[in-house]
Trainee: 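What follows is a single structure, and I will ask about it in a moment.
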Amino acid sequence: MASLPEPIIALTAALARLPGIGPRSAERLALHLVQSDAGTVRTLAEAILAARERISLCRVCGALTERQPCTLCDDPRRDASIVCVVERPTDIFSIEKSGAFHGRFHVLGGKISPLNGVGPEDLRIADLEARLGTEPIQEVILALGTDVEGDATGHYLAKRLAPRSVKVSRLAHGLPAGSGLEFADELTLSRALEGRTNL
Ligand code: ZN
């Protein structure tokens, strides 16, 4: 079988690096794109570039944002005394969708995972401590995944924040076990937030 032209192979390889796209899907997409109308492909390429260039992480909370600081940090109607700590920027969307939280956020950027070489110093924990010193934060809600690593990260944070004069709580049980926030429906999340337990 004649191999594909090099640009198609290169495009396939680039697409295959995207999450959820296996080698076969990548090749199918690449073959589709090279046979598509040039204008359509240009629009797609420009949208990818524009989104990547305009979106960055909020320097305060770590949310995906088009401006610094983000609208969540900057909104005076949000309760600055309460901060919800999540693993990833996309977790913010899950919590916002539940409509049960009106405070601020803090993205850790992952969870403690010795197997993957991720330690506490790789997460935005020092930034959180710095915020405790400069913002009127009275409660930190840990809204982490219910898997082993999310649990371990929660325990570590609760211990590290214990000497601080801040209340630390975690989401009530009821989230799907062994998963992240994106798998919880809105009602479950809002119940977990309302029924949060003190640590
Ligand atoms: Zn922010």
Trainee: Let me check something: do Ile48 and Leu15 share a hydrophobic cluster, defined by ILVMFWY side-chain heavy atoms less than 4.5 Å apart, either directly or through other members?
Mentor: yes
Trainee: Identify the two heavy atoms, one from Leu57 and one from Gly62, that lie closest to each other, and give their separation to 0.1 Å.
Mentor: CD2-O, 3.5 Å
Trainee: Does some side-chain heavy atom of Leu157 sit less than 4.5 Å from a side-chain heavy atom of Val168?
Mentor: no
Trainee: Taking Leu187's backbone N and O only, do any of them form a donor-acceptor pair with Asp185's side chain (distance below 3.5 Å, no angle check)?
Mentor: yes
Trainee: With rounding to the nearest 0.5 angstrom, report the NZ to CD distance, Lys97 to Glu186.
Mentor: 5.5 Å
Trainee: Could you report the tightest heavy-atom contact between Ala63 and Val107, atom names first, then the distance?
Mentor: N-CG2, 4.0 Å
Trainee: If I take atom CD from residue Glu6 and atom CG from residue Leu11, how far apart are they, to the nearest 0.5 angstrom?
Mentor: 10.5 Å
Trainee: Can you tell me which residue among Gln138, Glu139, Arg104 is in a side chain to side chain contact (heavy atoms under 4.5 Å, CB included) with Val83?
Mentor: Arg104
Trainee: For residues Glu135 and Val60, determine if any side-chain heavy atom of one lies less than 4.5 Å from a side-chain heavy atom of the other.
Mentor: yes
Trainee: Count the heavy atoms belonging to other residues, nucleotides or ligands that lie under 6.0 Å from CZ of Arg131, then report whether that count exceeds 12.
Mentor: yes
Trainee: Determine the minimum heavy-atom distance between Glu87 and Asp91, stating which atoms define it.
Mentor: N-OD2, 3.3 Å
Trainee: Please find the pair of heavy atoms, one from Ile21 and one from Ala26, that lie closest to each other, and give the distance.
Mentor: CG2-N, 3.6 Å
Trainee: As a test of understanding, state which of Asp147, Thr153, Asp151 forms a side chain to side chain donor-acceptor pair (under 3.5 Å) with Lys111.
Mentor: Asp147
Trainee: When you measure from the side chain of Arg170 to the backbone of His155, do you find a donor-acceptor pair of N or O atoms at a distance under 3.5 Å?
Mentor: no
Trainee: Is there a side-chain contact between Phe101 and Ile82 in this structure, where contact means two heavy atoms from C-beta onward sitting under 4.5 Å apart?
Mentor: yes
Trainee: Measure the CD1-CG distance between Ile92 and Leu64 for me, rounded to the nearest 0.5 Å.
Mentor: 7.5 Å
Trainee: From Ser81 OG over to Lys167 NZ, what is the distance, rounded to the nearest 0.5 angstrom?
Mentor: 9.5 Å
Trainee: Charged N to carboxylate O below 4.0 Å: is that the case for Glu96 and Arg78?
Mentor: yes
Trainee: Flag the pair Ile55 / Thr65 as yes when at least one side-chain heavy-atom distance between them is below 4.5 Å, and no otherwise.
Mentor: no
Trainee: Walk me through it: do Leu161 and Leu199 pass the test side-chain contact (heavy atoms from CB on, under 4.5 Å)?
Mentor: CA-CA 10 Å; Leu161 298 179; Leu199 294 172; over 6 Å; no
Trainee: How long is the straight-line distance from CG of Leu132 back to CZ of Arg164, given to the nearest 0.5 Å?
Mentor: 5.5 Å
Trainee: Going only through I, L, V, M, F, W and Y residues with side-chain contacts under 4.5 Å, is there a path from Phe93 to Phe105?
Mentor: no
Trainee: Less than 4.5 Å apart, side chain to side chain, heavy atoms only: is that true for Ser94 and Leu189?
Mentor: yes
Trainee: Under 3.5 Å, is there a donor-acceptor pair between the side chain of Arg191 and the main chain of Thr188?
Mentor: no
Trainee: Following the transitive rule for hydrophobic clusters with a side-chain heavy-atom cut-off under 4.5 Å over Ile, Leu, Val, Met, Phe, Trp and Tyr, establish whether Leu108 and Ile112 coincide in one cluster.
Mentor: yes
Trainee: Please find the pair of heavy atoms, one from Gly150 and one from Leu144, that lie closest to each other, and give the distance.
Mentor: O-CD1, 3.7 Å
Trainee: Would you mind reporting whether Ile8 and Glu27 have side-chain heavy atoms less than 4.5 Å apart?
Mentor: no
Trainee: Is there a chain of hydrophobic side chains (I, L, V, M, F, W, Y, each step under 4.5 Å between heavy atoms) that links Leu128 to Tyr156?
Mentor: yes
Trainee: Kindly work out whether a path of hydrophobic side-chain contacts (I/L/V/M/F/W/Y, heavy atoms less than 4.5 Å apart) joins Leu18 to Ile9.
Mentor: yes
Trainee: Go through it in stages, so that I can follow the logic: the residues are Cys84 and His106, the test is side-chain contact (heavy atoms from CB on, under 4.5 Å), and I'd like the CA-CA distance, side-chain angles, deciding distance and then a yes or no.
Mentor: CA-CA 6 Å; Cys84 184; His106 190 84; over 6 Å; no
Trainee: What are the two closest heavy atoms between Asp122 and Gly117, and how far apart are they?
Mentor: OD2-O, 3.5 Å
